[in-house]
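Structure, as structure tokens:
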Amino acid sequence: MKRYSDPSILPSAITPEYEYFDRRRLLAALAASAAMIIGSVGSGLAATLAPPRYTRNTKLSTREAPNSWEDVTTYNNFYEFGLDKSDPYERAQEFRSRPWTIEIAGEAELRGKFTLEDILKPHALEERIYRFRCVEAWSRIVPWLGFPLADLLARFKPTSKAKFVEFTTLLDPKQMPGQRSGVLDWPYREALRIDEAMHPLTLMVVGVYGKWLPNQSGAPLRLIVPWKYGFKGIKSIVKIRFTERQPATSWNMAAPDEYGFFANVNPAVDHPRWSQAKERRIGGNFLTSRIDTLPFNGYDDDVAALYRGMDLRRYY
Ligand code: MTE
């Protein structure tokens, strides 16, 4: 696992993001013009920031063609903004994703509150084109921008008691109208076993299509675990906590027989109310839109070893 030579993080040494990226504006502009930029308008504050710099990780990318910007940013699940797929796009535009603070807590030597800039600064961003499979049996191909979660977690020196990592979304019913209703026990929570969190495919995502994340996609920071159902990909994270015991997670608390803790994509284990054997590829035509779901969403060669010896019908 890659380690940083200087793991110290100074919450005081804050450079505003615009200044930090300003120094690199020329380079960024060059990189952006050479990069694949799909779609025209960004949304919210993210659209006013200097564009992110990144390199493309072709090795860890699928060769399938990405969905359109519209497919990815106007059809979303983000219950904090409503239950309809169009609600996040329609209702999250004014959400304030900057400035942003992230708390690191629990079983780690370094803990505390850090600005988004502190969190992002040492990490080079990569574009990875991942398959994304929602538990509702739709899927799409998305060019995320991010960096390995493992690199972030290592900076805080998790102790030997850190067996799980818990993530929490912002709680702010004033900004998030969905939190004024009781569909879920807010704030949204998710968690991974530490080996899942440290897996090189697990991505801390800050952008998509060469841009900073639009609000509806989970600005400014969200998780993507490509071999798991989409609900593990918690959005707008404000807290990361290392724990010894398995944390409670939102969907598992809401409906434990429907949404397991592991939530690995598994065509052989149906949801109690629908089959998981096939998926509808968003944006496909009627001939191409129904496709077979693959074990671990097609990432089985990379991740099956994490679950060796486990009964995946029981640990769904
Ligand atoms: N994170 C938060 N905070 N709230 C949510 O409602 N929905 C999850 C996940 N992360 C959700 C969330 C679900 S069910 C899915 S499928 C993905 O986000 C959707 O991500 P997308 O809208 O970028 O496709």
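What you see is a predicted model; the values in this text were computed from it and never measured. Counting starts at 1 for both ligands and their atoms, following the listed order. Reckoned from all heavy atoms, side chains included, excluding hydrogens, waters and symmetry mates.
Counting heavy atoms from C-beta outward, Arg245 and Phe164 have side chains that stay 4.5 Å or more apart.
Ranking the protein heavy atoms by distance from atom 10 (N) of ligand 1 puts Gly233 O, 2.9 Å first. The protein heavy atom nearest to atom 5 (C) of ligand 1 is Tyr188 CE1, 3.3 Å. Nearest protein heavy-atom neighbour of atom 16 (S) of ligand 1: Cys134 SG, 3.3 Å. Atom 17 (C) of ligand 1 has Gly230 O, 3.5 Å as its closest protein atom, hydrogens excluded (heavy atom only).
Every heavy atom of Ser236 sits 4.0 Å or more from the atoms of ligand 1. A heavy-atom separation below 4.0 Å is found between Arg140 and ligand 1.
At least one N/O-N/O distance between Asn77 and ligand 1 falls below 3.5 Å. The shortest N/O to N/O separation between Tyr79 and ligand 1 falls below 3.5 Å. Geometrically, ligand 1 and Lys235 share a nitrogen or oxygen pair separated by less than 3.5 Å. For a threshold of 3.5 Å applied to N or O pairs, the pair formed by Phe132 and ligand 1 contains no separation below that value.
For the pair Met204 and Leu152, the tightest heavy-atom approach, listed with the atom from each and the gap, is SD-CD2, 3.9 Å. Among all heavy-atom pairs drawn from Ala248 and Met253, the shortest one is CB-SD, 3.8 Å. In plain terms, the two heavy atoms of Ser139 and Arg281 that are nearest each other are OG-NE, 2.9 Å.
Exactly one residue among Phe132, Trp69, Trp138 makes a ring pair (Phe, Tyr, Trp, His ring centres under 6.0 Å) with Tyr75. That residue is Trp138.
By the 30° and 60° cut-offs, the orientation of the rings of Phe78 relative to Phe81 is perpendicular. The aromatic rings of Phe147 and His123 lie parallel to each other, their planes meeting at an angle below 30°, with 60° marking the opposite boundary.
Between the side chains of Trp251 and Tyr229, no donor-acceptor pair is found at a separation under 3.5 Å. Side chains of Tyr307 and Glu196: a donor-acceptor N/O pair is present below 3.5 angstrom, by distance only.
Shown in contact with Thr169 at under 4.0 Å from a heavy atom are these atoms of ligand 1, numbered in order with element: 3 (N).
Within the 4.0 Å heavy-atom criterion, neither part of Arg189 lies near ligand 1. At a 4.0 Å heavy-atom cut-off, ligand 1 touches Phe231 through backbone and side chain alike.
For atom 23 (O) of ligand 1, the candidate residues are Gln216, Glu80, Arg222; the nearest heavy-atom contact is made by Arg222.
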